Amino acid sequence: MMSGSDKPGSNKKIVLLATGGTIAFENGALHLRAADLAATVDDRLLGAGVEILPVDFESLPSSSLTPADTLRILEEAEAAARDADGVVVTHGTDTMEEAGYLFSLHWQERAPLVLTGAMRPATTPGADGPRNLLAACLVAADARFIDGRPLVVMHDKIFAAGEITKVHSWDTDTFAGDFGPLGSVNPWGEIRLYRPQPDTREILPRPERYPEPVAILMVGSGGDGSEIDALVSAGYRGVVVAAAGRGGIPRGMKRAIDAAIDAGVIVVVASRCPLGGTATAMDPGDILWSGEINAPKARLRLMTGLAQWGPDRKRLSELF
Ligand code: ASP
């Protein structure tokens, strides 16, 4: 186990980019601005000489952000990173895994990029925003994360941003990942690393826009596939099926998937389980299997591929 406290040094600039989410909620509305959030960070734990520069970028619940919005946030974070030692993005937790995934596919800056948020609004007992934000700022200012992959810091845990899944709708300990956290931030502001950051750096082409709609459809027992037929009729070029367990698909739905593929639709099968993913190569046919990538992330991956290459099954199959 690697360990160390490596407190941030002096004269560091951390940009706090606020985009909304529960961390900005106060008395039932998105009231808190970036400066209000920055004011909650305890200077004594952050360390002398670390300055937080608040920037208001968006003020939305994360379920209202589109993938194109996420790319705009990413561009703003990149611009900030060129003149700062770290960037913290405050974001709703509902789609934080999707932002974290897209950030991981496209981030190439040296400065650490850290996403954080809250499960409880500022005016709710046990509000977790200040605790999460302090921990995120400590991580963003820590030299061990320079040149690394984007991170999510929530509930004292440091995760690789591309690996997390939201597994609980109200618990403050809401994120899990197949490989567990990378490390932790304790109440005294000390950072421990349990395992090295993932060394795989996969950078996919960044689309200007996402022209192809991709739907996610969750399997229910006895599904007859008529929903898939309807998606094909509605013009969807890609469908991600969140299948049962390691990839179970009801018979009727399999018929509809085959017909969709024959009609030129790209079908990716993920698991409806939050963790574990699908078996690979279960079907030698034209279904693409997402493996460990969950359905919302598989959708973004497919949208990214479709934007770049169109419905070229052979090329897209290299993504899965
Ligand atoms: N509705 C919130 C969101 O913007 C939930 C949260 O932040 O936890 O995602």
Side-chain angles (χ1 to χ4, degrees), residues 15-41 52 54-74 76-77 87-104 113-137 139-140 150-177 181 185 210 216 218 242 274-275 294-300 303:
V15 173
L16 189 170
L17 200 60
T19 71
T22 293
I23 194 167
F25 251 77
E26 189 189 47
N27 296 320
L30 282 156
H31 281 143
L32 299 181
R33 318 308 298 164
D36 302 318
L37 298 174
T40 68
V41 177
I52 300 182
V55 177
D56 288 300
F57 187 72
E58 194 55 272
S59 184
L60 284 172
S62 66
S63 47
S64 297
L65 293 170
T66 65
D69 292 330
T70 302
L71 290 189
R72 284 193 304 114
I73 296 168
L74 178 66
E76 187 74 13
V87 180
V88 171
V89 175
T90 56
H91 194 283
T93 62
D94 284 351
T95 64
M96 194 181 283
E97 66 198 83
E98 286 161 88
Y101 189 67
L102 277 189
F103 287 179
S104 298
L113 173 62
V114 183
L115 274 154
T116 194
M119 293 297 287
R120 297 187 186 182
T123 36
T124 302
D128 52 333
R131 161 187 179 181
N132 291 336
L133 186 56
L134 169 65
C137 290
V139 168
L151 302 163
V152 164
V153 174
M154 287 282 294
H155 201 70
D156 307 333
K157 297 173 188 170
I158 307 167
F159 293 96
E163 293 180 357
I164 53 148
T165 299
K166 185 170 179 175
V167 293
H168 202 289
S169 62
W170 54 262
D171 192 334
T172 53
D173 188 11
T174 185
F175 286 112
V185 185
Y210 297 95
I216 298 179
M218 188 187 276
L275 299 176
N294 72 12
K297 295 179 205 171
R299 172 174 169 267
L300 292 174
M303 286 168 73

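Because the structure is a prediction, the values reported are computed rather than measured. When a ligand or atom number is given, it counts from 1 through the structure's own listing order.
- Proximity of a side-chain donor or acceptor of T124 to a complementary backbone N or O of R120 within less than 3.5 Å is not detected.
- Backbone and side-chain nitrogen or oxygen atoms of H91 are examined, and none is located within less than 3.5 angstrom of a nitrogen or oxygen of ligand 1.
- Taking each of P121, G129, S62, S63 in turn, the one with a heavy atom nearest to atom 9 (O) of ligand 1 proves to be S62.
- Closest protein heavy atom to atom 1 (N) of ligand 1: D94 OD2, 3.3 Å.
- The main-chain N or O of T66 is found under 3.5 Å from a side-chain atom of T70 such that the two form a donor-acceptor pair.
- Residue G21 has at least one heavy-atom neighbour below 4.0 Å for each of these atoms of ligand 1: 4 (O), 7 (O).
- Under a 4.0 angstrom heavy-atom cut-off, A118 registers as being in contact with ligand 1.
- A distance-only check finds a donor-acceptor pair linking the side chain of T95 to the backbone of S62 [under 3.5 Å].
- Ligand 1 places these atoms under 4.0 Å from at least one heavy atom of P61: 4 (O).
- Counting protein heavy atoms only, atom 5 (C) of ligand 1 is closest to T22 OG1, 3.1 Å.
- Between the choices T19, T95, T93, the shortest heavy-atom distance to atom 7 (O) of ligand 1 belongs to T93.
- Side chain of H91 to main chain of L115: no donor-acceptor pair is present (N/O by atom type, distance under 3.5 Å, no hydrogens or angles).
- Taken from CG in L151 to CZ in F103, the straight-line distance is 12.0 Å, to the nearest 0.5 Å.
- N294 places a side-chain N or O within 3.5 Å of a backbone atom of K297 that can act as its donor or acceptor partner.
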